[in-house]
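The structure appears below as C-alpha cells.
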Amino acid sequence: MFLFFLTFFLMNVCVWTATNYQLTQNADPVLALTLSVVLAIPISLLAFYGTRYGYDAVGSAWGVRLSAFAISYTVFPFLTFFFLGESPFDLKTMLCIALSFAIVGIQALWPNS
C-alpha cells in the first residue's frame, strides 16, 4: 500500500508540474513545454507501476481509481496554493479535500469483500 500511495503522490506532483509550471510567475514558455515533455515518461511509468501496486494492495481497479483521484485531490490544492497563491481554504475546496482523505481512508482500511 505504501508503494501505491508513494508512486501516485509522486506522479501527481509531476503532473502538476508538467501542466501548471507554465502558469507560475516568470515561467519561460519554452522551459515549461520542455519540462512537460521530459516528465511525460516518468509520469507514465509512475502511473503504470502505481496502478500495479494499487491493484495488488486493494484488489480492484475501482479501488485504484478512486484512491488515485483522492491522492490527486490532496496534492493539487497544496501545490496550487504554494506556487500560484490560489487558496484551498474556501468551504468548497476544504470539503472536497476532506472527502478525498475519506476516500483514501476507506480504500486503505476497509477490508475487501
Side-chain angles (χ1 to χ4, degrees):
M1 188 66 95
F2 174 76
L3 285 176
F4 168 50
F5 287 113
L6 179 64
T7 54
F8 269 92
F9 177 84
L10 292 173
M11 182 196 73
N12 280 286
V13 169
C14 291
V15 167
W16 189 96
T17 304
T19 57
N20 293 299
Y21 175 75
Q22 64 181 320
L23 306 175
T24 61
Q25 192 173 31
N26 302 322
D28 175 19
V30 174
L31 177 60
L33 182 57
T34 302
L35 187 59
S36 184
V37 170
V38 167
L39 286 174
I41 291 176
I43 289 168
S44 296
L45 290 171
L46 288 166
F48 181 87
Y49 285 106
T51 299
R52 169 51 53 199
Y53 299 144
Y55 193 82
D56 290 346
V58 299
S60 76
W62 277 109
V64 172
R65 178 63 194 117
L66 293 171
S67 295
F69 161 76
I71 294 165
S72 74
Y73 210 84
T74 58
V75 171
F76 182 89
F78 297 104
L79 291 176
T80 303
F81 175 72
F82 186 76
F83 289 106
L84 298 178
E86 295 181 22
S87 177
F89 302 111
D90 62 35
L91 181 59
K92 180 173 77 172
T93 304
M94 293 304 294
L95 287 172
C96 290
I97 291 170
L99 289 170
S100 295
F101 278 115
I103 291 168
V104 169
I106 290 168
Q107 291 301 320
L109 302 172
W110 195 293
N112 292 333
S113 52

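All values below come from the heavy atoms of this structure, side chains included, with hydrogens, waters and symmetry mates left out.
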Item checked: Sidechain-backbone polar pair: D90 side chain, T93 backbone, donor-acceptor under 3.5 Å -> yes

Margin query: Between S36 (side chain only) and A32 (backbone N and O only), is there a donor and an acceptor less than 3.5 Å apart?
Written below: no

Value rounded to 0.5 Å, distance of [atom1] in [X] from [atom2] in [Y]:
X   : Y    : atom1 : atom2 : value
L99 : I106 : CG    : CD1   : 9.5 Å
M1  : L109 : CE    : CG    : 7.5 Å
T7  : L45  : OG1   : CG    : 11.0 Å
Q25 : L84  : CD    : CG    : 10.0 Å
F8  : Y53  : CZ    : OH    : 11.5 Å

Other residues, nucleotides, ligands: >12 heavy atoms within 6.0 Å of [X] [atom1]:
X   : atom1 : result
I41 : CD1   : no
F78 : CZ    : yes
F9  : CZ    : no
F2  : CZ    : no

Check: Are N12 and F76 close enough that some pair of their side-chain heavy atoms sits under 4.5 Å apart?
Finding: no

Check: Can you find a heavy atom in the side chain of T17 that is under 4.5 Å from one in the side chain of L39?
Finding: yes

Same hydrophobic cluster for [X] and [Y], using side-chain heavy-atom links shorter than 4.5 Å among ILVMFWY?
X    : Y   : value
F89  : I97 : yes
V64  : L6  : yes
L91  : M94 : no
L35  : V15 : yes
V104 : L10 : yes

Which atoms form the tightest heavy-atom contact between [X] and [Y], and what is the distance?
X    : Y   : value
V38  : P42 : O-CD, 3.2 Å
F4   : A68 : CZ-N, 4.4 Å
I103 : S67 : CG2-N, 4.3 Å
S100 : F69 : OG-CE2, 4.5 Å

Check: Regarding S72 and W16, is there a side-chain donor-to-acceptor distance under 3.5 Å anywhere?
Finding: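 Result is no, nothing qualifies.
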
